[in-house]
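Step one of this worksheet: look at the structure below.
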Amino acid sequence: MKKILALFLTLFASCSVFAVSMKIPFLPAPSETNWNLSVEPIFGTRWGFIGEYVYLKNCNYANNILSLLEWETKPQLYYGGRISGGWRGIKLSAQFTSTIPCRAGTVKDSDWYNTRINNTYAFQYKTHYTESDCQIVNDSWDFEIRGGYTFSFWDFFELTPFASFSKFHRVFDGNGLCGWYAKSNGAYYYPWYDADLSHKTITYKDPDTTVLAYERYTYLVSFGATLQANLPFGLSVAFGVETMPYHYMESLDKHTLTGAYYLDKVKGYYDMFRFSTMIAYHFTENLSLVLNGSVLFSSPNQGDSFSSYNEGKTYKQSSDAYSGANENYIDICLSLRYTFL
């Protein structure tokens, strides 16, 4: 991802140097009234997953993972709106979307019990594995505010550096369960997929039973740029890239079968990127149909892990483990933009 970002920035720099050498003036985007205002209803879909990790501190093995919980969003459907405005080259926008409750794939819960056991170098495999139905519930939403400045050149190119702040709220339930729990022989645990049924316990729960509940708040600060080309026949296309110099994720994970609550607080720096594309068809000067696509990628970052057996009560921080969190997705959305000014 860093190589792609470096290539993109190098391309931008090369275009800028070429434009200066050709004495092409960089001016604010033209506007007959100087002011602009538009609104857009939005409908979109998102395909990806949210990851929750637990790692062992001071581990003797190359792979120090203890647990991984993956919440699929396949798909996550949402609707909302965006309002954009500005003056001359100054661009401001705010967007809010709400997720439609739906079945969204599978919750995959994996554990590596041998990671905590000494002298088990040859047995660092997954020991416990369960699957549940992933259900997106009410109160899942995204909010973003963005500000930037548009430079126009060659009469049809627009370059817009920008900064933004985003807040995501994700709420899931894991319903039903099919689980394979390996047993120990006294020295180490068997693999969850062991063919010998005496080496594991298989558990089933009805799909109407909620076995997991998950809630996450994500806060993002990002910087990036978009390059847009305004083409003949009423078409516009754009490509954008952004990086998040800081993000914070706070997650609460409830295991209803055991009564355990796990709270994770994770920070990340420059390890989340988003690439985007856009194509728009302008029916008139005021009305446009816009198709947006984006890819969000983040690597698991590290933070503190807490646990409790009483919701809302005091959480105890783990002394031998730390948490991790990430979110990856592909997003496609369609909007109808109406420009007043």
Side-chain angles (χ1 to χ4, degrees), residues 26-47 75-102 138-169 220 222-242 274-296 329-341:
F26 282 70
L27 300 173
S31 173
E32 294 182 0
T33 63
N34 290 328
W35 293 94
N36 57 84
L37 176 67
S38 64
V39 294
E40 296 174 65
I42 298 170
F43 180 79
T45 181
R46 188 173 291 149
W47 292 71
Q76 176 183 350
L77 304 174
Y78 64 87
Y79 64 95
R82 179 189 301 120
I83 182 169
S84 306
W87 179 73
R88 293 192 175 181
I90 299 173
K91 304 295 183 184
L92 301 171
S93 66
Q95 176 177 308
F96 180 85
T97 58
S98 180
T99 300
I100 300 172
C102 66
N138 288 319
D139 203 29
S140 294
W141 47 263
D142 292 43
F143 173 73
E144 179 189 71
I145 55 174
R146 176 179 296 198
Y149 194 88
T150 298
F151 300 91
S152 295
F153 52 101
W154 288 327
D155 294 329
F156 58 91
F157 275 120
E158 296 179 0
L159 174 63
T160 306
F162 64 85
S164 71
F165 170 78
S166 304
K167 183 177 180 180
F168 306 156
H169 185 221
L220 304 175
S222 73
F223 296 95
T226 60
L227 179 63
Q228 178 171 316
N230 299 313
L231 305 175
F233 310 109
L235 292 175
S236 295
V237 295
F239 175 77
V241 62
E242 60 187 298
R274 180 157 48 199
F275 301 92
S276 59
T277 61
M278 182 277 293
I279 182 168
Y281 179 74
H282 309 287
F283 298 101
T284 67
E285 293 182 356
N286 302 97
L287 189 63
S288 304
L289 184 65
V290 184
L291 179 64
N292 283 284
S294 64
V295 177
L296 179 73
Y329 62 69
I330 297 174
D331 185 287
I332 299 175
C333 74
L334 188 66
S335 65
L336 188 64
R337 179 189 301 158
Y338 185 80
T339 303
F340 294 95
L341 300 174

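Heavy-atom basis, side chains included; hydrogens, waters and symmetry copies ignored.
Interatomic distance, Gln95 CD to Ser335 OG, rounded to the nearest 0.5 Å: 8.5 Å. Taking CG of Leu235 as the start and CD1 of Ile279 as the end, the distance is 5.5 Å to the nearest 0.5 Å. Taken from CZ in Arg46 to OG in Ser294, the straight-line distance is 7.0 Å, to the nearest 0.5 Å. Here the CD-OG distance, from Glu144 to Ser166, works out to 4.0 Å after rounding to the nearest 0.5 Å. If you take CG on Leu220 and CG on Leu296, they are separated by 7.5 Å, rounding to the nearest 0.5 Å. To the nearest 0.5 angstrom, Thr160 atom OG1 is 7.0 Å from Gln228 atom CD.
Residues Thr339 and Ser38 share a closest heavy-atom pair of OG1-CB, 3.7 Å. The two residues Phe168 and Tyr329 come nearest to each other via the heavy atoms CZ-OH, 4.5 Å. Across all their heavy atoms, Ile42 and Gly81 have their closest contact at CD1-C, 3.9 Å.
Here Ala94 pairs with Ile83, Ile145 under the side chain to side chain contact (heavy atoms under 4.5 Å, CB included) rule; sequence neighbours left out. With sequence neighbours excluded, the residues satisfying side chain to side chain contact (heavy atoms under 4.5 Å, CB included) with Phe96 are Ser98, Trp141, Phe143.
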Q: Take Phe233 and Tyr281, measure what side chain to side chain contact (heavy atoms under 4.5 Å, CB included) needs, and give me the verdict at the end.
A: CA-CA 8 Å; Phe233 310 109; Tyr281 179 74; 5.8 Å; no

Q. Do Cys333 and Tyr78 pass the side chain to side chain contact (heavy atoms under 4.5 Å, CB included) test, and can you show the C-alpha distance, the side-chain angles, and the key distance before you say yes or no?
A. CA-CA 9 Å; Cys333 74; Tyr78 64 87; 3.2 Å; yes

(Q) Could you go through Leu334 and Leu289, starting from their C-alpha distance and side-chain angles, then the distance that decides it, and tell me whether this counts as side chain to side chain contact (heavy atoms under 4.5 Å, CB included)? (A) CA-CA 8 Å; Leu334 188 66; Leu289 184 65; 4.0 Å; yes

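When atom types are taken as modelled, the side chain of Ser288 and the backbone of Val290 share no donor-acceptor pair closer than 3.5 angstrom. Using modelled atom types, one side-chain atom of Asn36 and one backbone atom of Gly86 make a donor-acceptor pair closer than 3.5 Å.
Using cut-offs of 30° and 60° on the angle between ring planes, the pair Phe157 and Phe153 is parallel.
Within the 4.5 Å cutoff, no side-chain heavy atoms of Trp87 are placed close to those of Leu92. For the pair Ile332/Leu291, a side-chain contact is recorded, criterion being any heavy-atom separation below 4.5 Å from C-beta on. Under the 4.5 Å side-chain criterion, counting only non-hydrogen atoms from C-beta, Arg82 is in contact with Ser84.
One finds no salt bridge joining Glu158 and Lys91 here, because no Lys/Arg side-chain nitrogen approaches an Asp/Glu carboxylate oxygen to under 4.0 Å.
By the 6.0 Å contact criterion, CD1 on Ile330 is open, its count of non-hydrogen atoms from other residues, nucleotides or ligands being 12 or less. By the 6.0 Å contact criterion, OH on Tyr79 is open, its count of non-hydrogen atoms from other residues, nucleotides or ligands being 12 or less.
Between the side chains of Thr99 and Gln76, at least one donor-acceptor pair of N or O atoms lies under 3.5 Å.
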